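Just below is one structure, and these are the notes that go with it.
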Amino acid sequence: MVDDADLAHLRRCVALARAALEAGDEPFGSVLVDAEGRVRFEDSNHVAGGDATQHPEFAIARWAAEHLTPEERAAATVYTSGEHCPMCAAAHGWVGLGRIVYATSSAQLASWLAELGVPPPPVRTLPVNEIAPGVPVEGPVPGLDEEVHELHRRLHG
Ligand SMILES: [Zn+2]
């Protein structure tokens with residue numbers, strides 16, 4: 001269940017996504033929050049430089065592996081504007097991170113991109129639990145999903 005604290009973190013993710021778009025990148029933002037509710041790391045998409053693996057959720061997994069104990073990782077939550085792609089879901093699973101809360105699902109993104117006439121990505125969009133079955137996942141969140149949709153319309157419009 002998504003509560004007010006979750007919503008506040010998700011709004012930060014959408015703000016990071018918007019800032020990424022305005023900086024010429026793709027609109028994705030993510031935040032890592034520990035068991036005490038403290039934001040430990042945040043990032044946005046950095047693929048505009050030519051490295052298509054520079055996703056914020058991948059950066060979070062690497063940061064967490066370096067800076068948090070296995071117990072801290074399991075108790076942490078990753079908030080993200082868009083559900084993890086398979087690469088990031090795998091990284092999340094490999095480093096043993098906990099719950100994921102996303103504003104928009106991969107299925108929503110795939111349908112929006114199809115509507116906008118964007119060619120399908122080289123990597124399939126799959127639900128996180130197809131890749132990392134043990135991770136608790138929540139989303140999409142009504143209201144925020146429409147905000148993220150608008151960012152993708154701006155990117156591809
Ligand atoms: Zn990704």
Side-chain angles (χ1 to χ4, degrees), residues 2 6 9-34 39-68 72-74 76-141 144-156:
V2 175
D6 294 328
H9 292 306
L10 285 173
R11 286 198 189 94
R12 176 64 186 155
C13 295
V14 176
L16 287 164
R18 179 172 290 111
L21 180 68
E22 284 163 2
D25 225 308
E26 295 186 1
F28 296 94
S30 310
V31 174
L32 173 68
V33 175
D34 67 19
V39 174
R40 301 296 296 271
F41 186 81
E42 60 179 31
D43 199 13
S44 60
N45 194 278
H46 298 287
V47 302
D51 179 354
T53 70
Q54 295 288 334
H55 298 183
E57 304 94 331
F58 203 177
I60 281 175
R62 288 211 160 117
W63 186 91
E66 198 173 337
H67 294 93
L68 302 181
E72 288 172 324
R73 296 199 289 270
T77 300
V78 174
Y79 296 89
T80 187
S81 63
E83 184 177 3
H84 291 46
C85 75
M87 172 184 74
C88 295
H92 185 102
W94 280 121
V95 304
L97 278 163
R99 176 176 175 241
I100 289 173
V101 186
Y102 57 75
T104 64
S105 69
S106 294
Q108 285 178 305
L109 179 62
S111 75
W112 298 340
L113 296 182
E115 277 168 27
L116 291 163
V118 178
V123 174
R124 284 180 65 190
T125 44
L126 294 169
V128 164
N129 284 147
E130 292 281 314
I131 307 294
V135 176
V137 178
E138 292 186 68
V141 176
L144 287 176
D145 59 352
E146 196 40 51
E147 261 184 74
V148 174
H149 189 182
E150 177 56 29
L151 297 178
H152 287 282
R153 277 196 296 260
R154 278 169 59 191
L155 174 66
H156 296 290

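Note that this is a predicted model, so its numbers are computed, not measured. When a ligand or atom number is given, it counts from 1 through the structure's own listing order.
Inclusion of H84 in the first shell of the Zn ion (ligand 1) is not supported: no N, O or S atom falls under 2.8 Å.
The salt bridge (charged side-chain N to carboxylate O under 4.0 Å, His left out) test with R153 is passed by exactly one of E146, E147, E115: E146.
Salt-bridge annotation for R154 and E22: present, with a side-chain N of the basic residue lying under 4.0 Å from a carboxylate O of the acidic one.
A donor-acceptor pair under 3.5 Å is formed between the side chain of N129 and the backbone N or O of V135.
In this structure, the ring of F28 has its center less than 6.0 angstrom from the ring center of H152.
At the Zn ion (ligand 1), the angle from SG in C85 to SG in C88 is 110° when rounded to 10°.
Distances from the Zn ion (ligand 1) to each N, O or S atom of H55 single out ND1 as the nearest.
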